[in-house]
Amino acid sequence: MEQEMGRFDREGAERMDRIAKTAFAPVYPVIAEQILDRCGIRSGRCLDVGSGPGSLGIALAQASDLAVTLLDSSPDMLEIARGNIRTAGLSGRISLLAGDVHDIPLPPDSADLVVSRGSVFFWEDLARAFSEIYRVLAPGGKTYIGGGFGTAELRDAIAATMTKKNPDWKSFRDRNLGPDNRARIAGVLAGLGLPHRFISDDSGFWIVMEKGE
Ligand code: SAM
C-alpha cells in the first residue's frame, strides 16, 4: 500500500504527510468513527502505533474524549505530527512518544484502545510486536490494528488517484492487504494464543484483540 514510502526519513515523512492531507484525507475521520463504533471505547487512553503524521490519532481525538498518544519510530514523522497536532488545536490532548512497536516504552496495562493503520506491514517481528501491544493494553481494552481505506468508494477513488502517480500502487496495496499477508498475520496471532478476531470487509483488514477485565 504505502511501501513507496518505506523509508521514513525526512523526505519519506513529508511525502506521507502530503498524501495524508490530500488523497488519504477523507479516510481518517471515517476509520475513526468505525473504530469508535466497533470498539465502543470513547474515553480513556488511546495509543496510535506507527502514527506517522498523526492523522488517525487527530481524527479520533476530534470525535471522542480519548487522550491520544502517537507512537512512531521515525523522529521525522513525530516532528511533522507535532505541527499537525498544534494546527488542530489538540496539543493538550495528544502527546508524542518516540519508540518502536517491538519494545513499546510504556508500562503494562497503560492503553484502553490501541489503534494502528498502515504500519503493521512494516513490523519485522509480528509475534513480538503483538505481544508488546497486548502487554500495554489495559484490562477491558481493545485493539484495532491493520490497514484499509474505510469504504469501497474511498478505496477505489484513492486507487484511481494514486495509480496516476505510481502505476504499481495497486500491487503494493494488494500485497499488504491481500490473502497471503492476512494469512501470515493470522498464523502469528494463532501461534501467540492471544484472544483476537478479524474484521475483513470494505473498511479493510483489522485485528481486534481484547484483554479481559
Ligand atoms: N498510521 C499513519 C497513517 O495511516 O497515515 C502512518 C502510516 S505509515 C505508512 C507507517 C508508519 O509506521 C510510519 O510512520 C513508520 O515510521 C511507522 N513504523 C514502521 N515501523 C515501525 C515500528 N517498528 N515501530 C513504530 N513505528 C513504526
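No hydrogens, no waters, no symmetry mates; every other heavy atom, side chains included, goes into these values. Order of listing sets the numbers, starting from 1, for every ligand and every atom in it. When a residue number appears, it is its place in the shown sequence, counting from 1.
- Per-residue contacts place D100 under 4.0 angstrom from the following atoms of ligand 1 (heavy atoms of the residue considered): 22 (C), 23 (N), 24 (N).
- Taking distance alone, with nitrogen or oxygen atoms compared against 3.5 Å, D48 stays at or beyond that limit from ligand 1.
- Contacts between M16 and ligand 1, counted as non-hydrogen atom pairs separated by less than 4.0 Å, involve the side chain only.
- At a heavy-atom cutoff of 4.0 Å, ligand 1 is contacted by the side chain of M77 but not by its backbone.
- Residue contacts with ligand 1 do not include L56, since none of its heavy atoms lies under 4.0 Å from the ligand.
- Contacts with ligand 1 closer than 4.0 Å are made by heavy atoms of both the backbone and the side chain of S73.
- Proximity of T161 to W169: side-chain heavy atoms (C-beta onward) are nowhere separated by under 4.5 Å.
- Residue G52 has at least one heavy-atom neighbour below 4.0 Å for each of these atoms of ligand 1: 6 (C), 14 (O).
- Between R15 and E11 a salt bridge is recorded (basic side-chain N to carboxylate O distance below 4.0 Å).
- Residue-ligand proximity: Y28 is placed with a non-hydrogen atom under 4.0 Å from ligand 1.
- A donor-acceptor contact closer than 3.5 angstrom is absent between the side chains of D76 and S74.
- Contact atoms of ligand 1 toward S74: 16 (O) (distance under 4.0 Å to a heavy atom of the residue).
- A salt bridge links D17 and K21; the closest N-O separation between the charged side-chain nitrogens and carboxylate oxygens is under 4.0 Å.
- Residues L177 and M16 share a hydrophobic cluster, clusters being chains of Ile/Leu/Val/Met/Phe/Trp/Tyr side chains in contact below 4.5 Å.
- Proximity of G99 to ligand 1 is established by a heavy-atom distance of less than 4.0 Å.
- Note on ligand 1: S51 sits in its first shell, one or more heavy atoms being nearer than 4.0 Å.
- The atoms of ligand 1 that sit less than 4.0 Å from any heavy atom of R117 are 1 (N), 2 (C), 3 (C), 4 (O), 5 (O), 7 (C).
- To the nearest 0.5 Å, the span separating CG on D48 from CG on L56 amounts to 5.0 Å.
- In this structure, the side chains of F121 and R175 stay at 4.5 Å or more apart for every pair of heavy atoms.
- Remark: ligand 1 atoms within the under-4.0 Å shell around heavy atoms of H102 are 23 (N).
- Comment: E132 does not engage R128 in a salt bridge, judged by the lack of any side-chain N to carboxylate O separation of less than 4.0 angstrom.
- Checked against a 3.5 angstrom limit, the closest N/O atoms of G50 and ligand 1 fall inside it.
- In this structure, R42 pairs ionically with D37, as a charged nitrogen and a carboxylate oxygen lie closer than 4.0 Å.
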